[in-house]
Amino acid sequence: MAYAQLFSCHFYCQDSWLSSPVLVASEVFRQSRGSSFLSWNSNTKKNHRRIFMNMQADRASKAIHASELKIPHVLTVAGSDSGAGAGIQADLKACAARRVYCSTVITAVTAQNTAGVQGVDVVSEEFVAEQLQSVLSDMHVDVVKTGMLPSPGIVKVLCQSLRKFPVRALVVDPVMVSTSGDMLASPSVLAGFREELLPMADILTPNIKEASVLLGGVPLQSVSDMRSAAKLIRDMGPRNVLVKGGDLPDSLDAIDVFFDGKSFYEMHSSRVNTRNTHGTGCTLASCIAAELAKGSSMLQAVKVAKRFIETALDYSRDIVIGNGVQGPFDHFLALKNISQSSIRQDRFNSNDLLLYAVTDAGMNRKWDRSIADAVKAAIEGGATIVQLREKEAETGDFLDAAKVCLKICRSYGVPLLINDRIDVALACDADGVHVGQSDLPVSVARTLLGPDKIIGVSCKTPEQAQQAWISGADYIGCGGVYPTNTKENNRTIGLDGLKAVCLASKLPVVAIGGISPSNARSVMEIGAPNLKGVAVVSALFDRECVLTETRNLHALVIEAAAALTK
Ligand SMILES: Nc1ncnc2c1ncn2[C@@H]1O[C@H](COP(=O)(O)OP(=O)(O)O)[C@@H](O)[C@H]1O
Ligand SMILES: Cc1ncc(COP(=O)(O)O)c(N)n1
Ligand SMILES: [Mg+2]
């Protein structure tokens with residue numbers, strides 16, 4: 001089980017020799033040479049040889065394919081935390097965030113929240129053994145990570161299972177007392193730890209309290225104490241030791257000490273000022289396990305895990321879950337903005353296309369107004385969706401403008417889309433993007449942005465409209481309906497072109513190009529039910545008063561839309 005053996009044993013563990021593409025190729029080569037030697041002058045034998053080689057090649061290609069499809073797999077053996085900050089729930093989230101599959105053997109069920117642990121129900125050792133057997137006899141597990149092991153019997157059955165089903169690495173987080181001070185393991189597990197589990201571990205990750213307990217109660221108060229502890233604990237058998245300093249008093253940085261038997265490494269990260277540190281220990285150990293499962297070296301795995309914790313804590317520093325002293329954090333870096341963006345009930349409501357304001361930096365400069373003032377005035381005048389279009393801006397300036405506009409749009413519950421720049425949309429968490437036919441394809445935008453963001457695409461033809469639907473767009477911007485000077489060399493398709501696109505489209509459509517109060521009614525009246533509104537640049541922004549212009553156009557399109565539904 002020594003971690004140093006990991007790479008040498010990698011090719012023949014559990015999956016038979018076929019799991020290695022290298023071995024498969026060389027084996028096919030060896031066997032085919034052997035068979036050619038036996039049958040060089042016989043036609044029948046030549047045919048047999050060909051069939052045999054084809055079979056081997058087929059087998060080899062299937063094996064290569066299977067090994068490509070193999071997903072790194074961590075099994076966590078730990079307790080459930082009903083508040084989902086620590087334990088099994090943290091392990092699942094950490095592995096998912098690190099893109100590793102995680103199976104679970106539950107050793108205890110805790111009634112737990114941000115105030116502490118209210119109750120513990122220990123699972124019987126027989127049933128822990130049954131879970132271990134179910135997972136390990138069926139699935140290929142790369143790395144086992146342990147957390148709460150509440151009874152000596154559970155430690156024993158775990159060690160038995162690990163001997164029966166050896167894995168590439170074992171990460172032991174010796175959970176004993178929760179940060180809230182509640183006991184999570186009986187002191188009698190210590191003997192089992194020392195005698196059986198620790199000598200099997202590739203890494204042990206005690207916090208300073210746990211390191212102190214393992215050493216019979218000596219207090220740890222400094223980084224130098226952590227170093228001494230790491231050395232003494234390594235003598236108990238684990239190949240590597242990481243003494244975690246999250247709770248080290250008076251330290252500005254969050255410092256962990258790693259010892260591999262030869263060298264010490266001090267892992268520093270900034271100490272994030274937050275109450276949301278519940279589950280950091282479980283997450284750190286799971287991340288280490290996940291990186292090992294992907295094939296990282298131990299030191300690299302620890303570094304990646306430490307950086308992951310720092311990033312997640314920093315992102316989550318202000319989120320509020322629960323009323324207690326220690327909250328959970330967000331492994332997916334996704335929760336912080338939810339309360340704001342949930343102003344919009346649905347991801348995309350096609351009625352939002354009714355009056356679609358597209359900004360233009362040049363026009364704002366000409367009329368000496370800021371982008372913030374322009375967007376605010378358009379929304380107050382009735383714009384139902386805003387697209388930020390900054391063709392000339394530097395990336396940093398574009399992002400700054402997007403952040404300002406997003407704040408305004410969110411405060412009114414109006415979606416903000418970014419023209420073309422998916423990176424900018426991602427960086428500011430805008431509601432979506434609008435792309436042209438020569439920008440990144442819609443399918444790529446969808447992959448990058450995920451299912452929850454709005455994607456619009458410009459289309460001039462029925463074929464493009466069909467493709468937009470297939471690729472996962474939410475709406476189509478169709479034009480130029482009339483000649484316009486906001487876009488060079490833009491072919492005008494007229495009302496007939498607009499109608500053809502609407503008829504061919506399964507998606508809602510917004511018309512664009514030279515639309516103003518003088519022609520908006522004719523556009524809305526083409527008689528296509530999926531034409532949901534008009535998109536406008538100059539008629540709103542190349543005017544002295546954006547508010548007035550938007551109000552007028554809004555009144556007009558509302559009237560036209562109402563007339564159509566009669
Ligand atoms: N406030 C913090 N800022 C940055 N890192 C932290 C913070 N608190 C804990 N950590 C890190 O989280 C990991 C878990 O540490 P610790 O809290 O000591 O363990 P446990 O959760 O097992 O008590 C360590 O890498 C530690 O340095
Ligand atoms: C089920 C379970 N496992 C582990 C911990 C330790 O986590 P922490 O040290 O962050 O309280 C916990 N509180 N609950
Ligand atoms: Mg902690």
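Only a predicted model underlies this, so the values are computations on that prediction, with no experimental measurement involved. All ligand and atom numbering here is 1-based and tracks the order in the structure. What's counted below: heavy atoms across the whole structure, side chains too, no hydrogens, waters or symmetry copies.
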- Task: Considering the heavy atoms of S80, write down every atom of ligand 2 situated less than 4.0 Å from one of them.
- Result: 1 (C)
- Query: Does CZ belonging to R307 count more than 12 external heavy atoms closer than 6.0 Å?
  - Reply: no
- Message: Less than 4.0 Å is my threshold; does some heavy atom of A90 fall inside it relative to ligand 2?
- Response: no
- Message: If the cut-off is 4.0 Å to any non-hydrogen atom of A254, which atoms of ligand 1 fall inside it?
- Response: 4 (C), 5 (N), 6 (C), 27 (O)
- Query: Among side-chain atoms of H434 and N419, is any donor-acceptor pair under 3.5 angstrom?
  - Reply: no
- Message: Using a 4.0 Å heavy-atom cut-off, which part of V272 comes near ligand 1: side chain, backbone, both, or neither?
- Response: both
- Item | Where ligand 2 meets G79 - atom numbers and elements under 4.0 angstrom, heavy-atom basis | 1 (C)
- Task: Check each of C282, A78, G281 against atom 6 (C) of ligand 2 and report the one with the nearest heavy atom.
- Result: C282
- Query: Counting from 1, what ligand 1 atoms have a heavy atom of L284 closer than 4.0 Å?
  - Reply: 25 (O)
- Taking the side chain as C-beta and beyond, is there a heavy-atom pair between T146 and D173 under 4.5 Å? no
- Message: Applying side chain to side chain contact (heavy atoms under 4.5 Å, CB included) to D260 and Y265, what does each step give before you reach the verdict?
- Response: CA-CA 9 Å; D260 61 9; Y265 299 84; 3.9 Å; yes
- Ignoring angles and geometry beyond distance, decide whether Q112 reaches within less than 3.5 Å of ligand 2 through its nitrogen or oxygen atoms. yes
- Residues two or more places apart in sequence or in another chain: which of them pass side chain to side chain donor-acceptor pair (under 3.5 Å) with D373? S370
- With sequence neighbours left out, the residues meeting side chain to side chain donor-acceptor pair (under 3.5 Å) with T110 are Q112
- Message: Could you check whether any side-chain heavy atom of F264 comes within less than 4.5 Å of a side-chain heavy atom of V257, counting everything from C-beta outward?
- Response: yes
- Message: Heavy-atom contact check, 4.0 Å cutoff: does G279 meet ligand 2?
- Response: yes
- Query: Which is closest to atom 4 (C) of ligand 1 in terms of heavy atoms, S270, A211, G279, G281?
  - Reply: S270
- Query: Relative to the heavy atoms of L313, which atoms of ligand 1 are at a distance of less than 4.0 Å?
  - Reply: 2 (C), 3 (N), 4 (C), 5 (N), 6 (C), 7 (C)
- Note on the structure: Closest to atom 12 (C) of ligand 2 (heavy atoms only, candidates V109, L184, D81) is L184
- Query: For ligand 1, is there an atom lying under 4.0 Å from some heavy atom of E310?
  - Reply: no
- Please could you name the atoms of ligand 2 that V175 approaches to less than 4.0 Å, counting only its heavy atoms? 4 (C)
- Numbered atoms of ligand 1 (with element) below 4.0 Å of K244, judged on heavy atoms: 14 (C), 15 (O), 18 (O), 19 (O), 20 (P), 22 (O)
- Task: Could you tell me whether the side chain of D142 reaches within less than 4.5 Å of the side chain of V100, counting heavy atoms only?
- Result: no
